[in-house]
Amino acid sequence: MPRGTTYDDGTHPGADLEVAGWTAILDALEAAADHAEALVSNTGENIHRDWLPAEVPGPLPQQLRERALLLADRQEDLVRRLEQARISTQRQLNAVTAVPGVGEASAAVYLDITG
């Protein structure tokens, strides 16, 4: 079959390899999203994995388009949630550091919670 020719079903030579390659990429990105969700949800899973960009096997196959779009939406939501968690954590750290004597082992600390 000449280069650039497609089959009747719209695929082309090598399409199966592209699907397999893109499936692996989407699997890895979904696993990273699962990990981020676990961190945001405080499920206790705290395993750090370095992310390495995958070698893209070619154009995204049409049959994986919806999955990729859903993953992009999920990642955008996670970015928003992680930013909210970061802001919340920073507020808590600011509150803790505002208490006199925190970090000073020999100083007594009294906190008036009623007044």
Side-chain angles (χ1 to χ4, degrees):
M1 180 177 286
R3 182 177 168 87
T5 305
T6 59
Y7 298 112
D8 290 339
D9 64 359
T11 61
H12 58 277
D16 289 341
L17 292 175
E18 287 177 0
V19 169
W22 275 103
T23 297
I25 290 169
L26 293 173
D27 286 346
L29 290 171
E30 287 173 340
D34 289 343
H35 178 68
E37 283 182 337
L39 291 174
V40 171
S41 301
N42 293 323
T43 60
E45 180 184 335
N46 192 11
I47 302 167
H48 175 73
R49 296 179 199 100
D50 289 332
W51 180 80
L52 299 172
E55 189 172 316
V56 177
L60 179 69
Q62 183 65 29
Q63 67 211 54
L64 297 175
R65 184 177 188 275
E66 184 177 349
R67 179 180 174 190
L69 290 172
L70 290 171
L71 177 58
D73 289 343
R74 181 178 174 198
Q75 288 174 324
E76 286 179 18
D77 179 61
L78 279 166
V79 166
R80 182 187 52 74
R81 290 171 51 202
L82 286 168
E83 180 60 13
Q84 289 172 344
R86 186 197 65 78
I87 290 168
S88 176
T89 300
Q90 186 62 52
R91 285 183 184 141
Q92 292 173 26
L93 288 172
N94 291 343
V96 167
T97 58
V99 175
V102 171
E104 299 172 16
S106 61
V109 176
Y110 298 94
L111 182 62
D112 181 3
I113 60 172
T114 61

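Just so it is clear, the values below take in all heavy atoms, side chains as well, and ignore hydrogens, waters and symmetry mates. In what follows, residues are counted from 1 in the order of the sequence shown.
The side-chain contact (heavy atoms from CB on, under 4.5 Å) search around P57 returns W22, I25, not counting sequence neighbours. Taking R65 as the reference, nothing meets the side chain to side chain donor-acceptor pair (under 3.5 Å) condition, with sequence neighbours excluded. Not counting sequence neighbours, the partners of E30 by the side chain to side chain donor-acceptor pair (under 3.5 Å) test are R67. For S88, the side chain to side chain donor-acceptor pair (under 3.5 Å) criterion is met by Q92, not counting sequence neighbours. For E83, the salt bridge (charged side-chain N to carboxylate O under 4.0 Å, His left out) criterion is met by R86, not counting sequence neighbours. A search for side chain to side chain donor-acceptor pair (under 3.5 Å) contacts involving Q90 returns N94, not counting sequence neighbours.
A continuous path of ILVMFWY side-chain contacts below 4.5 Å connects V56 to L64, so both sit in one hydrophobic cluster.
We find that D77 and R74 are not joined by a salt bridge, their nearest charged nitrogen and carboxylate oxygen being 4.0 Å or further apart.
Heavy-atom contacts from other residues, nucleotides or ligands closer than 6.0 Å to CZ of R80 number more than 12.
Between L69 and E66 there is no side-chain heavy-atom pair separated by less than 4.5 Å.
Of all heavy-atom pairs spanning G58 and E18, the tightest one is CA-OE2, 4.2 Å.
Taking CG of L71 as the reference point, atom CG of D27 lies at 10.0 Å (rounded to 0.5 Å).
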